[in-house]
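No experiment lies behind these values; they were computed from the predicted model shown.
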Amino acid sequence: MRKIAVIGLGNITNRHRKNLKKIYPHSIIYAMSASGRIPTDEVSNADIVVNDICEIIDHRPDMAIVASPATLHTKHAIPLIEAGIPVLIEKPLAANKLDTAAVIEAANKYKTPVAVGYCIRYLSSSKCMKVLLEEEIIGKVYNAFVEVGQYLPDWRPNTDYLNSVSANLNLGGGALLELSHELDYAQWLFGSLQSHYAILRSSEELSLEVEDAVDILATNEEGVVVSIHLDFLQRKAYRKCRIIGSKGSIEWDLIENEITLTTASYKKVLFSEPEWDKNRMYLDMILDFENLISGKDNQCITLLEAKNTVSLIDHIKHSITNKK
């Protein structure tokens, strides 16, 4: 990888550029703001700052990471795809089904490698969790409870949260899109979900124009009931998945990177790597995308999988009960 472009100047792009320099120390990193403006401050770990997609295409990078707001993903990704430049799109794939279809159509037409950045699947306990369910360690699955919450003002301590993408409706903000990692991994573990009921709330706590809490009741094809809770409100970060089956229950703590099995006769920790460096998720995701580009075995999140997540979000948005 001699040349790599990163679109967007948010926190996640700072991480991506730093990681790219670590993986490919001799590469040239091109940076571009989502709006195309030339930043007045220095952009860390960037060799060249450009102001539009055409300029990036002229440099012919070996890959590009699109980490602009979700509502701008098609604007930035499709010209790169049409130019044959492999694109890793930060989650979600797009802000709606129409934009999702446009990206998929371009990828299919131009045969350009494209993947979506749901990094949670690269957490070391994620792979273990997937295997345990495939081995039916808790027997027939009846229910799953998926929950994530973290206080939005703490996400980016040096930034006014009201000016963030997460809080801006026009940029694809709100808990449903911003915390769609949980929707992705829920469908990865349990298959396609059908949402039966959802409540989106906007509390007085944060005074956002978007929802800061989401509750979803869904089922998969086998009738497993999956309850999903997403919020920007919890003062102490929380991220767990608990699954109830005929032989016991299993709890996955994504923050502690730990999996615990409970049966009628014992409780046992099956996996525990609390000190595992979570930046490895992002490093492994980039290396895996290189495997996809090279035609090697990979576990990249496909456009079809990402489409299913956007479709679930779209269905929820069109069938929700809104409560203030």
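Residues I138 and G248 approach most closely at CB-O, 3.7 Å, considering heavy atoms. Here the closest non-hydrogen pair linking L152 and S166 is CD1-CB, 3.7 Å. In this structure, D297 and D288 approach most closely via the heavy-atom pair O-OD1, 4.2 Å. When all heavy atoms are compared, the tightest approach of I81 to V87 is CG1-CG2, 4.0 Å. Between G8 and R17 the shortest heavy-atom distance is O-NH1, 3.9 Å. Nearest approach of D47 to S27, heavy atoms of both residues: OD2-O, 3.4 Å.
For the atom pair CD1 (I293) and NZ (K296), the distance works out to 11.0 Å, reported to the nearest 0.5 Å. The structure places CE of M1 at 6.5 Å from CD1 of I4, a figure rounded to the nearest 0.5 Å. In this structure, CG in L183 is found 11.5 Å from OG in S311, a value given to the nearest 0.5 Å. Between the CG atom in L88 and the CD1 atom in I65 there is a gap of 5.5 Å [rounded to 0.5 Å].
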Q187 and E182: CA distance, side-chain angles, deciding distance, side-chain hydrogen bond (donor to acceptor under 3.5 Å, both in side chains) verdict: CA-CA 9 Å; Q187 296 199 102; E182 268 55 29; over 6 Å; no
Mind running side-chain hydrogen bond (donor to acceptor under 3.5 Å, both in side chains) on Y110 and E105 for me, showing each step along the way? CA-CA 9 Å; Y110 293 93; E105 181 182 1; over 6 Å; no
Evaluate the side chain to side chain contact (heavy atoms under 4.5 Å, CB included) criterion for residues I53 and H76: first the C-alpha distance (whole Å), next the side-chain angles of each, then the deciding distance (0.1 Å), finally the verdict. CA-CA 7 Å; I53 290 291; H76 296 140; 4.0 Å; yes
Apply the test side chain to side chain contact (heavy atoms under 4.5 Å, CB included) to residues K268 and T260: give CA-CA distance (whole Å), side-chain angles for both, the deciding distance (0.1 Å), then the verdict. CA-CA 6 Å; K268 181 180 180 182; T260 305; over 6 Å; no
Apply the test side chain to side chain contact (heavy atoms under 4.5 Å, CB included) to residues I228 and L193: give CA-CA distance (whole Å), side-chain angles for both, the deciding distance (0.1 Å), then the verdict. CA-CA 11 Å; I228 302 172; L193 296 178; 4.2 Å; yes
Walk me through it: do C241 and F145 pass the test side chain to side chain contact (heavy atoms under 4.5 Å, CB included)? CA-CA 6 Å; C241 173; F145 301 89; over 6 Å; no
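Not a single donor-acceptor pair under 3.5 Å links the side chain of D99 to the backbone N or O of A94. Side chain of H73 to backbone of A95: no donor-acceptor contact under 3.5 angstrom is found. Side chain of E305 to backbone of T302: a donor-acceptor contact under 3.5 angstrom is found. Checking side-chain atoms of D62 against main-chain N and O of R2 turns up a donor-acceptor pair under 3.5 Å. A donor-acceptor pair under 3.5 Å links the side-chain atoms of N257 to the main chain of E273, judged by distance alone. Proximity of a side-chain donor or acceptor of S294 to a complementary backbone N or O of N291 within less than 3.5 Å is not detected. Without hydrogens or angle criteria, T112 side chain to I85 main chain gives no donor-acceptor distance under 3.5 Å. Between the K130 side chain and the R121 main chain, no donor and acceptor come within less than 3.5 Å of each other. The backbone N or O of L200 lies less than 3.5 Å from no partner atom in the side chain of E211, so there is not a single donor-acceptor pair. Side-chain atoms of T159 never come within 3.5 Å of backbone atoms of Y161 as a donor-acceptor pair (strictly under, hydrogens ignored).
Within the 4.5 Å cutoff, the side chain of L80 has heavy atoms near those of the V66 side chain. You'll find the side chain of V103 reaches within 4.5 Å of the side chain of I89, heavy atoms only. Side-chain contact between S124 and F271: present, with at least one pair of heavy atoms (C-beta onward) separated by less than 4.5 Å. Counting heavy atoms from C-beta outward, F289 and M63 have side chains that approach closer than 4.5 Å. P153 has its side chain within reach of L206: a pair of non-hydrogen atoms, C-beta onward, lies under 4.5 Å apart. Looking only at side-chain heavy atoms (C-beta outward), N143 and S227 stay at 4.5 Å or farther from each other. Counting only heavy atoms from C-beta outward, the side chains of P39 and V49 approach each other to under 4.5 Å. Between I316 and L176 the shortest side-chain heavy-atom distance falls below 4.5 Å.
Judged purely by distance below 3.5 Å, without hydrogens or angles, the side chains of H16 and E90 pair a donor atom with an acceptor atom. No side-chain donor-acceptor contact under 3.5 Å links Y30 and E55. In summary, the side chains of D314 and N96 do not present any donor paired with an acceptor at a separation below 3.5 Å, with no hydrogens or angles considered. No hydrogens or angles considered: nothing links the side chains of S202 and D212 as a donor-acceptor pair under 3.5 Å. Between the side chains of S195 and H315, not a single donor N or O lies within less than 3.5 Å of an accepting N or O. Counted by atom type alone, E290 and Y24 present one or more donor-acceptor pairs between their side chains at under 3.5 Å. No side-chain donor-acceptor contact under 3.5 Å links R37 and N51.
Taking 4.0 Å as the cut-off between side-chain N and carboxylate O, D231 and R201 do not count as a salt-bridged pair. Between K240 and E251 there is a salt bridge, since a side-chain N of the basic residue sits under 4.0 Å from a carboxylate O of the acidic one.
Not less than 6.0 angstrom separates the ring centroid of Y118 from the ring centroid of W188. Between W252 and Y185, the ring center distance clears the sub-6.0 Å criterion.
Enclosure of atom CD in E134 by more than 12 non-hydrogen atoms of other residues, nucleotides or ligands within 6.0 angstrom is indicated. Counting non-hydrogen atoms of neighbouring residues, nucleotides and ligands closer than 6.0 angstrom, the NZ atom of K22 reaches no more than 12 such neighbours. Crowding of K307 atom NZ: a count of heavy atoms from other residues, nucleotides or ligands under 6.0 Å not exceeding 12. Other residues, nucleotides and ligands contribute over 12 non-hydrogen atoms within 6.0 Å of the NZ atom of K127. Heavy atoms from other residues, nucleotides or ligands lying under 6.0 Å from CG of D277 number more than 12. K18 NZ: 12 or fewer foreign heavy atoms inside a 6.0 Å radius. For NZ of K21, the number of neighbouring non-hydrogen atoms (other residues, nucleotides, ligands) closer than 6.0 Å is greater than 12.
Put simply, I244 and V146 are part of two different groups of oily side chains (I, L, V, M, F, W, Y) that touch within less than 4.5 Å, one to the next. Hydrophobic clustering places L287 together with M281 (ILVMFWY residues linked when any side-chain heavy atoms are closer than 4.5 Å, directly or through intermediates). Residues M285 and I301 fall within the same hydrophobic cluster, defined by Ile, Leu, Val, Met, Phe, Trp and Tyr side chains chained together at heavy-atom separations under 4.5 Å. Linking Ile, Leu, Val, Met, Phe, Trp and Tyr whenever their side-chain heavy atoms come within less than 4.5 Å puts L162 and W155 in one cluster. One hydrophobic cluster, built from ILVMFWY side chains closer than 4.5 Å, cannot hold both L169 and L171; they sit in different ones.
Here the rule is side-chain hydrogen bond (donor to acceptor under 3.5 Å, both in side chains) with E147, and of R239, Q234, H229 only Q234 fits it.
Both cation-pi conditions hold for R15 and Y282: the charged atom is under 6.0 angstrom from the six-membered ring centre and inside a 45 degree cone around its axis.
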